[in-house]
Amino acid sequence: MARIVMKFGGTSMAGTERIRRVANIVRRQQAAGHEVAVVVSAMAGETDRLVNFCREAHALYDPAEYDVVVASGEQVTAGLLALTLQSMGAKARSWLGWQLPINTIEAHAKARVDTIDAPDLVASLERGEIAVIPGFQGVSAEGRITTMGRGGSDTSAVAVAAALNADRCDIYTDVDGVYTTDPRIVAKARKLKAVTYEEMLELASVGAKVLQTRSVGLAMKEGVRVQVLSSFIDDDATPADDLPGTMIVSDEEMERIYEEGDMERQHVTGIAHDKNEAKIILTRVPDKPGAVAHIFSPLADASINVDMIIQNVGRDKGETDVTFTVPQTDLARAQALLEDRRGEIGFNRIITDSKIAKISVVGVGMKSHAGVAATMFTALSERGINIQAISTSEIKVSVMIDEDETELAVRVLHTAYGLDAKDEAA
Ligand code: ASP
Ligand code: MG
């Protein structure tokens with residue numbers, strides 16, 4: 001017997017019929033002898049609808065009241081799933097964020113889980129009851145309802161799994177796993193049997209939006225084994241133990257998976273692309289200590305995330321150009337902030353471009369292998385793709401290119417690293 005947390009996303013919860021399917025999947029898991037807690041999202045589109053109501057009610061809405069409104073979507077689906085399970089003869093009940101409670105810290109609309117006190121929940125599971133928990137919501141130290149940022153149900157599920165010491169957290173979604181790259185771009189993309197937390201974090205943060213990035217960080221910190229799998233399976237499919245999703249695991253577990261020969265060791269695990277960044281160039285910045293601090297401190301204070309940074313070689317007259325990227329949604333704000341500080345920073349022109357893309361190759365295998373970056377640069381240059389900036393980490397190499405060349409670059413790299421599926425799978 002295992003204790004399993006199952007999480008269902010908005011597409012899986014959209015309507016009575018789909019909730020019935022979810023209930024069937026949940027019951028099969030229980031019938032296989034497991035204790036089950038289920039975390040649910042609001043119906044697809046519901047949270048957007050609720051956010052719009054808040055905007056219409058008050059352009060500068062109070063985040064505490066926003067949380068009251070947007071948390072309601074998950075309350076509806078949690079109750080409906082509990083009812084559906086009961087209609088099938090199962091013992092089930094809902095547990096709202098304040099009832100568990102899921103204690104959160106930090107601000108409204110972007111709360112973080114602090115502690116979950118779950119003795120009553122555990123007792124209920126041990127009595128064979130299915131627990132249904134609305135994702136996304138928690139309770140603040142002041143006793144007010146909070147929400148954890150868009151996509152936060154993934155984080156709720158992982159947090160509940162950690163608190164329950166669950167054997168696994170199964171995330172059911174509208175894709176059936178994590179792929180070597182976006183299958184809409186590369187038909188020969190392959191589903192990965194397993195990825196490490198670190199790899200998943202890099203893939204998620206550069207555009208492979210299967211899970212909320214924060215949930216992966218939490219899983220890594222708490223050592224929660226996460227599985228991503230599809231909820232669009234046959235009603236009579238086998239329980240999740242035998243379903244081929246993608247496991248997100250620790251480095252140690254990954255070693256075991258390799259040793260048992262379940263997976264071939266590759267230098268590069270996956271390729272991600274991200275079109276949501278924009279480039280800013282500041283020309284003729286004084287080339288002296290403190291200059292870049294003047295640029296990036298105000299951006300940091302405004303919570304604008306700067307990603308790639310290049311400081312070009314100095315020109316004569318002690319000046320240099322500084323290029324960096326910010327999320328496209330923050331571009332206007334960043335530009336205004338920098339214009340405001342033109343005197344202090346001392347740049348000449350500010351040039352922006354949102355027609356860029358970031359392509360990243362990710363893999364723990366590159367820790368112990370040279371030449372991964374060189375392969376990337378060669379493959380791109382052979383297709384005439386110009387690289388505008390480069391950044392690297394221990395398990396990732398990213399390049400900035402023209403947005404129009406995104407699909408070509410992803411395809412070329414997928415082939416270059418030997419990731420293409422063999423013909424029969426294509
Ligand atoms: N319903 C929330 C959202 O759409 C949380 C979630 O589904 O993960 O962002
Ligand atoms: Mg989601």
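As the structure lists them, so they are numbered: ligands from 1, and atoms in each ligand from 1.
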Of all pairs that satisfy salt bridge (charged side-chain N to carboxylate O under 4.0 Å, His left out), the ones with a partner from residues 62-89, not counting sequence neighbours: E65-R144

R3 backbone acceptor or donor facing D167 side chain under 3.5 Å: yes

Subset of ligand 1 atoms that lie under 4.0 Å from at least one heavy atom of S41: 6 (C), 7 (O), 8 (O)

Donor-acceptor contact present, side-chain Q75 to main-chain S72, <3.5 Å: no

Ligand 1 contact by E46, heavy-atom criterion under 4.0 angstrom: no

Any donor-acceptor N or O pair under 3.5 Å, side chains D176, Y179: yes

Whether G152 lies under 4.0 Å from ligand 1, heavy atom: yes

R150 neighbourhood, listing ligand 1 atoms whose heavy-atom distance to it stays under 4.0 Å: 3 (C), 4 (O), 9 (O)

Pair T146, T104: side-chain N/O donor-acceptor within cut-off below 3.5 Å: yes

Short side-chain to backbone donor-acceptor contact, H273 and T406, under 3.5 Å: no

Region of E74 engaging ligand 1 - heavy atom pairs below 4.0 Å: side chain

Heavy atom of G151, distance to ligand 1 below 4.0 Å: yes

Contacting atoms of ligand 1, where contact means under 4.0 angstrom from a heavy atom of T47: 1 (N), 2 (C), 3 (C), 4 (O)

Nitrogen or oxygen atoms of D154 and ligand 1 under 3.5 Å apart: no

